[in-house]
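Every number for a ligand or one of its atoms is a count from 1 in the order of the listing.
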Amino acid sequence: MIPTPAEALARILAEVAPLPPQRRPLPEVLGLALGEDLHSRATVPPFTNSAMDGYAVRAGDLAAVSPEQPLRLRVLGDLAAGDTPRQPVGPGEALRIMTGAPLPEGADTVVPVEQTTRGDGAGEAWVELHQPQRAGLHVRHTGEDLREGQLLLRAGHGLRPGDLGALAAAGIPELAVHRRLRVAVLTTGDELVDVSEEPGPGRIRDANIHALCAQVRACGATPLPFERIPDDRERLLQTLRQALEADVVLTTGGISVGDYDHMKGLLEELGAQRIFWKVAQKPGGPLGFWKLGETPIFGIPGNPVAAMLMVEEFVRPALRRLMGFTKLHRPMVEASLEGGWAGKLGDHRTTYLRVVAERAGAAYRAQLTGPQGSAILSSMILANALAVIPAGVDRVEPGGQVTLHLTDENEDH
Ligand code: AMP
Ligand code: MG
């Protein structure tokens, strides 16, 4: 039996487990999955301090202040961020204070400098306040952000810039993370030339090496692009041997019936175990998944759209699991398919349609990108989602509901 996409994905995920985490310094962890639960090693802020440039005062002094009845306070001096206060603020007194400087004893409130008038008289500095002020305003209290020992992030979380800032504040200079996978990317075909070459008769440019390496990188892994392999058994064997030094091998093309036997034979000669072959879906039916020792090997079709789809739906979740991420899948939403869709009658495969999706209030609506052939690369420029049409459904009425996988990293969902 040819597995459904869900069965194929389950079989792949059952064969891959996160690689052991390693300790890494904070500047190297962006985008990686956390390999441990992290607790704060510090209380943040570590001391009560001013949230504004202004004057540290005692709220009790300000009770009766109004524009008609301003209050004049004696200024004790200046306190910059990084300084420590040398004297308390008593009744009738204020301390000029900068954002981030520790609040002196006695003071409980900061009046922003914009709301004050400064002056000198008889050799003494003073400040005049014109408005009442809520007690405690513009003060940041010890521990109001983080408490020592507090859980910050769980294992499996993908680290973002904001996390790194918070971890630094929490006193965590290094942490356990799952490393980036190295993924060998192989393209095969006598007809392929480099993007910078003018293709001769019967030849085309190698689109997959760029699309697949980019997809691998977008998952947070490191692609290792190999030199293109002609449809030649010896060259394929030679390159496969080298590729198997990577963590994962991804090969595209050369899997039409005759060629497939070729590839399968070679992999088995090398000792690879076949987990499954083919998925009941289109585009992209011929997906092969093998393991050689612990190394997963994906053989995907050469048609560029099919190849990208297979990476999106099967390789990406596997790479993410190997890299320790808890979240493996894209966001899924329901959408109405404007214009509908008509497929092949009686098709027992899951169909993936490239669509342009947009949010319409709380709901989504989607439209086909245009022709859906598996070599129509222009559809990949337009698409920001895949509509998944279950096996047995050969028609969606205009406005009918479909499930979308939102595939665009750069969009806000
Ligand atoms: P194959 O899977 O090798 O039978 O290839 C199926 C189709 O995809 C053929 O039309 C190939 O020319 C095309 N193709 C295969 N590999 C690539 C590639 N790397 N870039 C662009 N097209 C490709
Ligand atoms: Mg080929």
Side-chain angles (χ1 to χ4, degrees), residues 2 5 8 183-219 221 223-240 242-243 246 248-268 272 274 276-290 297-316 349 351-352 354 369-383 386:
I2 296 176
V183 181
V185 182
L186 277 54
T187 56
T188 65
D190 286 343
E191 75 279 29
L192 302 177
V193 302
D194 189 73
V195 54
S196 57
E197 286 176 60
E198 198 54 52
R203 305 198 129 208
I204 57 166
R205 292 189 172 94
D206 181 354
N208 291 353
I209 193 69
H210 295 283
L212 304 191
C213 284
Q215 282 182 299
V216 166
R217 196 180 294 286
C219 301
L224 307 174
F226 275 66
E227 209 180 319
R228 258 184 317 283
I229 317 168
D231 292 314
D232 171 273
R233 193 175 182 283
E234 272 318 301
R235 291 286 299 279
L236 188 55
L237 184 62
Q238 215 178 339
T239 310
L240 270 177
Q242 289 170 28
V248 175
V249 177
L250 181 57
T251 76
T252 139
I255 48 172
S256 55
V257 185
D259 289 345
Y260 151 55
D261 286 334
H262 206 46
M263 165 79 95
K264 175 173 167 281
L266 282 178
L267 283 169
E268 279 163 20
R274 187 172 58 157
F276 66 84
W277 167 249
K278 284 198 170 174
V279 184
Q281 72 170 70
K282 72 173 195 185
L287 167 76
F289 181 57
W290 293 265
I297 305 165
F298 293 90
I300 62 178
N303 267 318
V305 170
M308 286 193 75
L309 178 71
M310 298 319 249
V311 173
E312 174 61 40
E313 293 291 317
F314 300 101
V315 180
R316 182 180 182 275
R349 296 176 293 177
T351 304
Y352 292 84
R354 272 93 66 213
T369 52
Q372 295 287 311
S374 60
I376 306 281
L377 260 174
S378 51
S379 68
M380 299 308 278
I381 296 178
L382 297 170
L386 294 166

Under a 4.0 angstrom heavy-atom cut-off, which atoms of ligand 1 come close to D206? 18 (C), 19 (N), 20 (N)
Between N303 and ligand 1, does any nitrogen or oxygen pair lie at a separation below 3.5 Å? yes
Taking ring pair (Phe, Tyr, Trp, His ring centres under 6.0 Å) as the definition, give me every residue that meets it alongside F226, ordered by chain and number, with sequence neighbours left out. none
May I ask you to check whether A207 has an N/O atom sitting below 3.5 Å from an N/O atom of ligand 1? yes
Is the closest N or O pair between E191 and ligand 1 shorter than 3.5 Å? yes
Under 3.5 Å between some N or O of ligand 1 and some N or O of I204? no
Under 4.0 Å from any heavy atom of R205, which atoms of ligand 1 are there? 20 (N), 21 (C)
I'd like to know if P304 contacts ligand 1, where contact means a heavy-atom distance under 4.0 Å to any ligand atom. yes
Within the structure provided, determine whether V315 and M310 are in side-chain contact (heavy-atom separation under 4.5 Å). no
Please tell me if the side chains of V279 and E313 come closer than 4.5 Å, counting only heavy atoms from C-beta onward. no
With heavy-atom distances below 4.5 Å as the criterion, would you say the side chains of R205 and E191 are in contact? no
In chain order, what residues pass the side-chain contact (heavy atoms from CB on, under 4.5 Å) check against A307, with sequence neighbours excluded? N208, L212, I300
Is there a side-chain contact between R228 and D194, using heavy atoms and a 4.5 Å cut-off? yes
